[in-house]
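All values derive from a computational prediction rather than experimental measurement.
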Amino acid sequence: MKSSVLPEDEFLGTTRSFAYGLQHVLTMYGGIVAPPLIVGAAIHLSTPQIGLLITASLFVGGLATLLQTLGIRFFGAKLPLVQGVSFAGVSSMIAIGTGVGGGTVGFQTILGAVIGSAVIGLLIAPLFSKILRFFPPVVTGCIITIIGVSLLPVALHWIIGGQTGAPSQHNLILASFTLVVLLFLSKLKVESCKRLAVLMSIIVGTLLAYFLGWCDFSKVAQGDILALPSILAFGAPIFSLPAIVVMLVVTIVTLTETTADILAVGEIVGTEITPQRIANGLRADMLSSTVAPFFGTFMQSAFAQNVGLVAITGIKSRYVVAAGGIILVILGMFPIMGRFVAAIPSAVLGGAGLILFGSVAASGIRTLSQVDYQNQNNLIIIALSLTAGIIPMVSPEFFTEFPKWVQILCHSGISTTCITALVLNIFFNHIGKSQAVSKGVA
């Protein structure tokens, strides 16, 4: 008899949930600490202040993940989605912070802009749930594919080690070794090994780096062991209307990308995504983003790289991701654990990331296989949408002569593809058509 439990509602047990949840944390850890590091350094915060910012980002990311996965009434998509600081707003936040002189005042102005724009985002979130019919496979397939493609440079950046040019010999060895271990574990017939392949490959890769003297854990014990996040540690937010307007564009981009992530993970999990579910997910995003600045951190959004982890492991339980959220909360309260995870060589994460992120693109290609290619217009939609998404990756300066709001909107290949595919699908397959069209079109 077929189980009536939805894939995302399956509980795998406490031990396995936390083991699999740790994979999610390791996958997104670099991404969640990168924005506070970049913004904090750019607006000239002190080292202790940046440390507080990172701790707050981990703590709030964990709480936001719990809200998104477990949910309460009207909030949370109840899907395996990891939440964290959105990278989409980094350049805008730096512009806001440096525009008022940087330092604590700049940081307070950023926090005020995040709160103001997130409140507006919370109000308009239900509007995004009404556009579900405009996201057939020809649109969602493009979005999911470009999510995977746009994440691959992240893995390569990890392998290079944050520098420019070619990776060092050490990094290349670590990344290659981790990748080979992951491939070997994935080939085993033992189901538990296959599901934990990402985590185990990262552990084995880190052990190799340690024994070869290529990673340093000496600083893990330095600093506070326990540091509970405090409210308004940087002072009260400063509300500036121009800053809020700038962040509002980022909010729209975040809503667009989170909608894409919800649709993507729904496709991978094999569960129904209703307008109400999208609305609940977006409201959780915006509520978390509204609260985050009071703890001293930024706008929250779903992490696309963790969608890839769901695809490659086949673990669809939202309780696994909720366990990852608990781990993030603990990391936010115990900086020593965060320092330990931060000591894992980036090349190790990069080696695992090649398969991890590539699997997202593969899922998108699978979705595009559902499209009706007898309709020539669908080929045009796919071709132009994927091209538009690749532009920011190939040429980050491409949109520099455009208005600021266009630059922000097109900063991410994901949002560029989403907007292009959505507009073209409406133009070709909705405008002037009163009857239902073929499968994969509308």
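Summarising the geometry, atom CG belonging to Leu386 is positioned 11.5 Å from atom CD1 belonging to Ile381; distances are rounded to the nearest 0.5 Å. Note that CD1 of Ile315 and CD of Gln23 are 6.0 Å apart. Values are rounded to the nearest 0.5 Å. Here the CG atom belonging to Asn425 is positioned 4.5 Å from the NE2 atom belonging to His430, to the nearest 0.5 angstrom. If you take CG on Leu263 and CD1 on Ile273, they are separated by 6.5 Å, rounding to the nearest 0.5 Å. Interatomic distance, Phe428 CZ to Asn375 CG, rounded to the nearest 0.5 Å: 9.0 Å. The CG atom of Leu174 sits 8.0 Å away from atom SG of Cys215, with the distance rounded to the nearest 0.5 Å.
Contact detail for Leu79 and Arg318: the closest heavy-atom pair is C-CB, 3.8 Å. Between Ala388 and Thr417, the shortest heavy-atom contact is C-OG1, 4.5 Å. Closest of all the heavy-atom pairs between Thr178 and Ile202 is CG2-N, 4.3 Å. Residues Ala292 and Val60 approach most closely at CB-CG1, 3.7 Å, considering heavy atoms. For the pair Asn171 and Ile160, the tightest heavy-atom approach, listed with the atom from each and the gap, is ND2-O, 3.3 Å. Residues Thr254 and Ser86 approach most closely at OG1-OG, 3.7 Å, considering heavy atoms.
For Gln68 (side chain) and Gly281 (main-chain N/O), a donor-acceptor pair under 3.5 Å exists by modelled atom type. Under a 3.5 Å cut-off, the side chain of Thr297 and the backbone N or O of Pro293 do not form any donor-acceptor pair. At distances below 3.5 Å, at least one donor-acceptor pair connects side-chain atoms of Ser369 with backbone N or O atoms of Arg366.
Put simply, the side chain of Cys142 reaches to within 4.5 Å of the side chain of Leu368, judged on heavy atoms. The shortest side-chain heavy-atom distance between Val85 and Ser301 does not fall under the 4.5 Å cut-off. Looking at Phe298 and Met93, their side chains come closer than 4.5 Å, going by heavy atoms from C-beta outward. Between Thr206 and Pro345 the shortest side-chain heavy-atom distance falls below 4.5 Å. Considering only heavy atoms from C-beta on, Leu81 stays 4.5 Å or farther from Asn306 through its side chain. The side-chain heavy atoms of Val320 and Phe18, taken from C-beta on, include no pair separated by under 4.5 Å. Residues Ile426 and Phe134 meet the side-chain proximity criterion, which asks for heavy atoms closer than 4.5 Å. Looking only at side-chain heavy atoms (C-beta outward), Leu354 and Leu156 come within less than 4.5 Å of each other.
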What's the verdict on side chain to side chain contact (heavy atoms under 4.5 Å, CB included) for Thr259 and Ile143, showing C-alpha distance, side-chain angles and the deciding distance?
CA-CA 10 Å; Thr259 299; Ile143 296 170; over 6 Å; no
One pair to check against side chain to side chain contact (heavy atoms under 4.5 Å, CB included): Trp158 and Leu349. What are the steps and the verdict?
CA-CA 7 Å; Trp158 284 344; Leu349 298 175; 3.7 Å; yes
Please report the C-alpha distance between Val25 and Leu331 in whole Å, then the side-chain angles of each, then the deciding distance to 0.1 Å, and finally whether the side chain to side chain contact (heavy atoms under 4.5 Å, CB included) criterion is met.
CA-CA 10 Å; Val25 173; Leu331 288 173; 3.7 Å; yes
Is there a side chain to side chain contact (heavy atoms under 4.5 Å, CB included) between Leu122 and Phe75 once you walk through the steps?
CA-CA 10 Å; Leu122 185 60; Phe75 295 93; 3.9 Å; yes
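Residues Thr271 and Glu8 bring a donor and an acceptor atom of their side chains to less than 3.5 Å of each other. Between the side chains of Asn280 and Arg277, no donor N or O sits under 3.5 Å from an acceptor N or O. In this structure, a donor-acceptor pair under 3.5 Å is present between the side chains of Thr258 and Asp285.
Evaluation of the side chain to side chain donor-acceptor pair (under 3.5 Å) test over residues 287-296, restricted to residues two or more places apart or in two chains, returns none. Among residue pairs with one or both ends in residues 388-403, none qualify as side chain to side chain donor-acceptor pair (under 3.5 Å); sequence neighbours excluded.
Just one residue in the list Val291, Ile120, Leu255 forms a side-chain contact (heavy atoms from CB on, under 4.5 Å) with Met286, and that residue is Leu255. Residue His24 is tested with Leu328, Thr313, Leu309 for a side-chain contact (heavy atoms from CB on, under 4.5 Å); the sole match is Leu309. For the side-chain contact (heavy atoms from CB on, under 4.5 Å) with Lys316, the lone residue among Val269, Asp9, Val265 that qualifies is Val269.
Other residues, nucleotides and ligands place more than 12 heavy atoms under 6.0 Å from the CZ atom of Phe11.
Ring geometry for Phe107 against Phe234 counts as tilted: the plane angle lies between 30° and 60°, on a 0 to 90° scale.
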